[in-house]
Amino acid sequence: MKIMGFCSLVWLAAFTTALSATSEAVLVVKQAPNDFLKDAIPGEDAVLAANPGWVAIVGLVNISAFAVKSPNNLAVQGVDGKALRTIIEKASVYSEFDDGTINSLKLIVFAPEDVAARGGLKLVWGGNVNANNAQVERLVIHAGSAGRYKVFAIEEAPKGDAGSSKFATIEVIVDDYADKYYYWYLLPIILIGGALLARRLTAK
């Protein structure tokens, strides 16, 4: 029981460390698909209308490594490392477990068109990230800004790339005396069996 308790504490510490560490993945910007505007509403996007030369990049963050405690524990950065304006859709926020950890969400990023075209955008997340992301119940696509929407796909870092991946190590302790404890478990059975045998012999 002590070993199990220790392993649980180690696992909890490793999980907490993983949430606190900063991880990152590359955002690959692509042209929006043909059916992208099927649910668009009339008018222009207010952010795009106020910022000529900008584009809006929409996508879903649902990679296996993604886990944050708050929507502000993530940011989208350009090649200069500066955070870009990001809006998160609250209705899309998904937690795999009931511990409050966010494992998936949909967002829209606004960036100058040349920044998006240049590439190098990356998603960073973790307990050390403290962004000021706006949140809306649902993201809305505007037909009047049709030519200024892009979508992104996420390219995870290779598993062996220690430079951009964070690893947590769990130490498992093996008890060398476990085989000896096994015989102690047999002792009550032997005693009960012996008592029943003795009773049977004395009854005769």
Asp35: salt bridge (Lys or Arg N to Asp or Glu O under 4.0 Å) partners, not counting sequence neighbours
none
What's the shortest heavy-atom distance between Gly120 and Val79, and which atoms?
CA-CG1, 3.7 Å
Measure the CD-NZ distance between Gln31 and Lys150 for me, rounded to the nearest 0.5 Å.
3.5 Å
For the hydrophobic clusters of this structure (ILVMFWY residues joined by side-chain heavy atoms under 4.5 Å, transitively), does one cluster hold both Ile154 and Val151?
no
Are Ile88 and Leu139 connected, step by step, through hydrophobic side chains (Ile, Leu, Val, Met, Phe, Trp, Tyr) whose heavy atoms are closer than 4.5 Å?
no
Check the pair Val129, Thr22 against side chain to side chain contact (heavy atoms under 4.5 Å, CB included), reporting the backbone distance first and the verdict last.
CA-CA 7 Å; Val129 178; Thr22 301; 4.1 Å; yes
Whether the side chain of Asn103 engages the backbone of Ser95 through a donor-acceptor N/O pair (distance < 3.5 Å, no angle test) should be reported.
no
For the OG atom of Ser64 and the CZ atom of Phe66, what is their distance to the nearest 0.5 Å?
12.0 Å
Show the atom names and distances, to 0.1 Å, of all donor-acceptor pairs under 3.5 Å that link a side chain in residues 37-63 to residues at least two apart or in another chain.
from	atom 1	to	atom 2	distance (Å)
Asp45	OD1	Val47	N	2.8
Asp45	OD1	Leu48	N	3.1
Asn51	ND2	Val47	O	2.8

Cluster question for you: counting only ILVMFWY and a side-chain heavy-atom cut-off of under 4.5 Å, with indirect links fine, are Val76 and Ile108 together?
no
Do Leu107 and Leu84 share a hydrophobic cluster, counting only Ile, Leu, Val, Met, Phe, Trp and Tyr and linking them when any side-chain heavy atoms are less than 4.5 Å apart?
yes
If you count every heavy atom of other residues, nucleotides or ligands that lies below 6.0 Å from Asn132 atom CG, does the total exceed 12?
no
One should read off an interatomic distance between Leu74 CG and Glu24 CD, to the nearest 0.5 angstrom, of 13.5 Å
Would you check, one step at a time, whether the test side chain to side chain contact (heavy atoms under 4.5 Å, CB included) holds for Ile87 with Asn133?
CA-CA 6 Å; Ile87 300 178; Asn133 299 321; over 6 Å; no
In this structure, CD1 of Ile102 is separated from OG of Ser70 (nearest 0.5 Å) by 6.0 Å
Is atom CG of Asn34 surrounded by more than 12 heavy atoms (other residues, nucleotides or ligands) closer than 6.0 Å?
no
Within the structure provided, determine whether Trp125 and Val68 are in side-chain contact (heavy-atom separation under 4.5 Å).
yes
If you round to the nearest 0.5 Å, how far is CD of Gln77 from CG of Leu123?
9.0 Å
Rounded to the nearest 0.5 Å, what separation is found between the NE2 atom of His142 and the CZ atom of Arg148?
12.5 Å
Is there a path from Phe152 to Phe110 through hydrophobic residues (I, L, V, M, F, W, Y) whose side chains come within less than 4.5 Å of each other?
no
